[in-house]
Participant: 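This is the structure I have questions about; it appears just below.
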Amino acid sequence: MKNINHSILIVALSLFVISSYAQSGGTYQITESVIAAGGQNSTGGSFSLDGTIGQSIAGNSLNGAPFAVTSGFWNFTPLAPTAAQVTVGGRVRTATGTGIRNVNVILSMPNGDTRFAVSNTFGYYRFNDVPVGNTYILNAASKRFTFSEPTIVRTIFEEISDIDFVANPF
């Protein structure tokens with residue numbers, strides 16, 4: 001029975017030594033880890049530790065080695081705003097639902113720039129790569145048709161495919 005207990009103890013200690021070696025430097029480098037919540041700060045020599053409870057006692061201070069741990073949690077890198085872009089479109093049609101081709105649709109952007117699209121045979125138009133989070137003005141212009149609502153104002157947060165222009169009946 002003593003031999004079995006000794007064998008279990010030796011295996012357990014071996015596993016402890018192997019795992020602690022890997023986490024204490026060895027051939028591995030830990031770049032992001034969390035040990036516990038809370039906060040303690042300690043400094044000494046070239047060693048500094050800012051962050052969580054337990055980290056300051058997780059090991060001996062490394063004297064003479066350039067070592068610093070900050071926060072104990074994954075360090076937050078502020079997110080830069082993204083220029084997410086979507087497709088915006090719709091259809092130009094008659095009151096009965098028939099698509100109207102060759103209608104100019106103008107997208108006016110907040111900075112004053114304008115973009116143009118022409119409706120296809122089935123009346124569909126679209127603008128690719130439209131930045132989200134802005135308010136846009138869309139206008140429909142045709143030599144053959146007038147529209148009950150020729151100007152539509154929309155704030156774009158996601159892809160839109162239903163900005164429709166409906167022509168007035170003759």
Participant: Classify the ring geometry between Y125 and F127 as parallel (under 30°), tilted (30 to 60°) or perpendicular (over 60°).
Facilitator: perpendicular
Participant: Just so I know, are the side chains of R91 and S161 near enough to count as touching, which here means a heavy-atom distance under 4.5 Å?
Facilitator: no
Participant: Can you tell if the side chain of V86 reaches within under 4.5 Å of the side chain of I160, non-hydrogen atoms only?
Facilitator: no
Participant: Run through the side-chain heavy atoms of Ile, Leu, Val, Met, Phe, Trp and Tyr, join any pair under 4.5 Å, and report what else lands in F122's cluster.
Facilitator: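 Via sub-4.5 Å side-chain contacts, F122 links to Y124.
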Participant: Is there a donor-acceptor pair under 3.5 Å between the side chain of N168 and the backbone N or O of S148?
Facilitator: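 Confirmed, N168 side chain pairs with S148 backbone.
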Participant: Do V118 and N102 pass the side-chain contact (heavy atoms from CB on, under 4.5 Å) test, and can you show the C-alpha distance, the side-chain angles, and the key distance before you say yes or no?
Facilitator: CA-CA 5 Å; V118 178; N102 295 327; 4.0 Å; yes
Participant: One pair to check against side-chain contact (heavy atoms from CB on, under 4.5 Å): I100 and T94. What are the steps and the verdict?
Facilitator: CA-CA 7 Å; I100 304 172; T94 64; 3.9 Å; yes
Participant: Test your reading of the model: is there a side-chain donor-acceptor pair from D129 to the backbone of Q85, 3.5 Å cut-off?
Facilitator: no
Participant: Hey, does F116 have a side-chain heavy atom less than 4.5 Å from the side chain of I106?
Facilitator: yes
Participant: With a sphere of 6.0 Å drawn around CZ of R126, does it hold more than 12 non-hydrogen atoms of other residues, nucleotides or ligands?
Facilitator: no
Participant: Quick one: list whatever passes ring-ring contact (aromatic ring centres under 6.0 Å, His included) with Y136, sequence neighbours left out.
Facilitator: none
Participant: Is there side-chain contact between N139 and P150, with at least one heavy-atom pair below 4.5 Å?
Facilitator: no
Participant: How far does OG1 of T87 sit from CD of E158, to the nearest 0.5 angstrom?
Facilitator: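 If I round to the nearest 0.5 Å, the distance is 12.5 Å.
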Participant: Roughly how far, to the nearest 0.5 Å, is CG of L138 from CG of D164?
Facilitator: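 Rounded to the nearest 0.5 Å, the CG-CG separation comes out at 11.0 Å.
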Participant: Would R154 and I137 satisfy side-chain contact (heavy atoms from CB on, under 4.5 Å), going step by step from the backbone distance to the final call?
Facilitator: CA-CA 7 Å; R154 286 278 181 94; I137 300 170; over 6 Å; no
Participant: side-chain contact (heavy atoms from CB on, under 4.5 Å), that's the test. Do V166 and R93 meet it? Break it down for me.
Facilitator: CA-CA 5 Å; V166 180; R93 58 184 176 83; 3.6 Å; yes
Participant: Looking at every heavy atom in both I152 and F165, which two are closest together, and how far apart are they?
Facilitator: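 Minimum heavy-atom contact is CD1-CE2, 3.6 Å.
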Participant: Taking all non-hydrogen atoms of both residues into account, name the closest pair between S142 and F147 and its distance.
Facilitator: CB-CE1, 4.1 Å
Participant: Please, which pairs that meet side-chain hydrogen bond (donor to acceptor under 3.5 Å, both in side chains) have at least one residue in residues 109-119, sequence neighbours excluded?
Facilitator: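 Non-adjacent pairs meeting side-chain hydrogen bond (donor to acceptor under 3.5 Å, both in side chains): N111-D113.
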